[in-house]
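Residues: numbered from 1 along the sequence shown. Every number for a ligand or one of its atoms is a count from 1 in the order of the listing.
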Amino acid sequence: MTYSRIIGTGSYLPEKVLTNHDLEKIVDTTHEWIVTRSGISERHLVAEGELTSDLALQASRRAMEAAGVTAEDIDLIIVATTTPDQVFPSTACILQDKLGVRQGVAFDVQAVCSGFIYALNTADLYIRGGQARTALVVGAEALTRLLDWTDRSTCVLFGDGAGAVVLQASEQPGILGAKLHADGRHRGMLKAEARINNGQIEGSPYMYMDGQAVFKFAVKVLAEVVDELLADLNLGYADINWLVPHQANIRIIEATAKKLGMGMDKVVLTVGEHGNTSAASIPLALDTAVRAGRIQPGQNVLLEAVGGGFVWGAVLVKW
Ligand code: ACO
């Protein structure tokens with residue numbers, strides 16, 4: 001039987017750091033308010049002219065180096081992003097060119113904060129179905145370009161960055177299972193409505209979020225989807241060694257960990273230093289934990305996310 005295994009991780013954060021104290025000078029907020037409500041102390045911001053594919057390129061090179069693979073080995077590239085470089089071609093095709101990959105398949109996945117989970121599941125299906133052998137799965141965002149810097153309810157929560165994994169066919173179990181959902185009825189809770197028409201932008205190009213509604217929805221569905229996935233796999237909470245959640249808000253993460261009966265020492269947390277980087281947040285957090293030597297071979301790592309759409313899901317990975 002063919003499985004897919006993560007054989008390398010990488011990540012990249014843009015140079016510029018914006019702290020909560022910096023934000024105090026931009027909008028009517030305080031470090032105290034932001035940390036208490038979200039757990040965020042600082043976030044990274046893309047530089048002028050720095051594109052999502054540039055962040056993806058750095059993260060991908062690091063993941064490929066860690067995996068010991070070259071451009072000749074990659075036969076599938078999936079980039080999860082809500083902030084592509086341009087309308088088309090896809091950021092995955094731009095990344096493919098920058099990496100010097102000349103074969104295989106490349107496309108983007110748009111599932112906002114759940115993008116990496118969706119992309120990982122898709123790559124797993126490609127590999128298990130025999131259509132790919134070595135996949136590069138990337139979450140990359142220049143999300144701060146969608147922020148209205150006069151709206152204190154959103155601009156304090158988000159950041160930019162990229163994370164990547166190399167997934168390869170193996171006889172040994174790697175990705176154990178995935179459970180994904182979408183419910184478009186809730187699409188109004190979190191959105192950026194802008195569309196291009198006849199050379200003009202129609203609708204707001206800024207992010208809108210009903211924070212309290214998102215919070216309640218996220219806590220509910222994350223707990224449910226983990227239960228569904230574990231039931232499918234005939235496993236229990238005790239079988240999970242690490243939780244690597246989408247890094248949106250520490251209070252959502254704490255609520256999920258409590259439901260799973262996990263101590264916060266088993267939860268990988270980067271939201272404090274990265275903010276919410278949407279599709280990039282899980283691979284960024286995963287790479288941080290892997291490089292710190294926290295995640296060890298044989299351990300079960302649970303990834304979970306929820307985001308605009310609404311879309312949500314969980315993936316269990318044997319390391
Ligand atoms: N600084 C200071 N005060 C603020 C700020 C700010 N940055 N933003 C809002 N406030 C004020 C509000 O105006 C309000 O004032 P009022 O009582 O005078 O009207 C007060 O703080 C309370 O606002 P609430 O919205 O009720 O604050 P809440 O406790 O709900 O926290 C937050 C807001 C942090 C957005 C919370 O609802 C939340 O975390 N929601 C989830 C959002 C999230 O995770 N989004 C990520 C995207 S989706 C995803 O990735 C899952």
Side-chain angles (χ1 to χ4, degrees), residues 18-43 80-83 110-118 139-141 143-144 146-161 163 180-184 186-193 206-226 243-257 259 267 269-272 274-285 303-314:
L18 189 75
T19 67
N20 291 348
H21 296 295
D22 297 328
L23 277 166
E24 288 174 352
K25 296 173 200 140
I26 301 172
V27 280
D28 181 15
T29 192
T30 61
H31 170 72
E32 181 65 24
W33 192 96
I34 303 170
V35 170
T36 312
R37 306 287 175 123
S38 71
I40 300 166
S41 294
E42 56 187 43
R43 71 286 293 144
T81 188
T82 305
T83 47
Q110 160 55 301
V112 200
C113 300
S114 297
F116 184 75
I117 297 282
Y118 267 61
E141 301 280 13
L143 207 70
T144 59
L146 296 182
L147 296 178
D148 173 357
W149 292 101
T150 65
D151 176 9
R152 66 177 183 175
S153 69
T154 51
C155 76
V156 303
L157 298 175
F158 297 90
D160 303 324
L180 306 185
H181 289 286
D183 188 343
H186 304 289
R187 67 189 185 279
M189 272 194 306
L190 182 58
K191 59 186 178 180
E193 287 183 324
Y206 295 123
M207 187 185 307
Y208 163 83
M209 178 176 73
D210 178 345
Q212 287 191 6
V214 169
F215 191 96
K216 284 186 203 141
F217 189 86
V219 170
K220 178 176 174 291
V221 299
L222 287 174
E224 285 172 359
V225 76
V226 172
L243 174 64
V244 184
H246 167 49
Q247 310 282 320
N249 184 308
I250 194 154
R251 292 186 298 151
I252 296 174
I253 296 172
E254 282 171 350
T256 309
K259 163 81 173 66
V267 180
L269 272 183
T270 52
V271 68
H274 301 171
N276 181 348
T277 58
S278 192
S281 92
I282 290 177
L284 262 165
L303 316 177
E304 47 88 335
V306 55
F310 256 68
V311 284
W312 64 101

Student: Compile the protein residues with any heavy atom at a distance under 4.0 Å from an atom of ligand 1; present them by chain, then by number.
Tutor: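 Shell around ligand 1 (4.0 Å, heavy atoms): Asp28, Thr29, Trp33, Arg37, Cys113, Arg152, Ser153, Val156, Leu157, Phe158, Leu190, Met209, Gly211, Gln212, Val214, Phe215, His246, Ala248, Asn249, Arg251, Ile252, Asn276, Val306.
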Student: Given the rule in the side-chain contact (heavy atoms from CB on, under 4.5 Å) test, do Asn249 and Phe215 qualify, once you have shown the distances and angles that lead to the verdict?
Tutor: CA-CA 9 Å; Asn249 184 308; Phe215 191 96; 4.2 Å; yes
Student: Picking from Ile40, Leu143, Leu146, what satisfies side-chain contact (heavy atoms from CB on, under 4.5 Å) with Phe158?
Tutor: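 Exactly one option meets the side-chain contact (heavy atoms from CB on, under 4.5 Å) with Phe158, and it is Leu143.
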Student: Given the rule in the side-chain hydrogen bond (donor to acceptor under 3.5 Å, both in side chains) test, do Thr277 and Glu141 qualify, once you have shown the distances and angles that lead to the verdict?
Tutor: CA-CA 6 Å; Thr277 58; Glu141 301 280 13; over 6 Å; no
Student: Within this structure, what is the NE2-CD distance for the pair His274 and Glu42, rounded to the nearest 0.5 Å?
Tutor: 8.5 Å
Student: Tell me whether the rings of Phe217 and His186 are parallel (<30°), tilted (30 to 60°) or perpendicular (>60°).
Tutor: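 Plane angle between 30° and 60°, so tilted.
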Student: What pair of heavy atoms forms the shortest contact from Ser281 to His246, and how long is it?
Tutor: OG-ND1, 2.7 Å
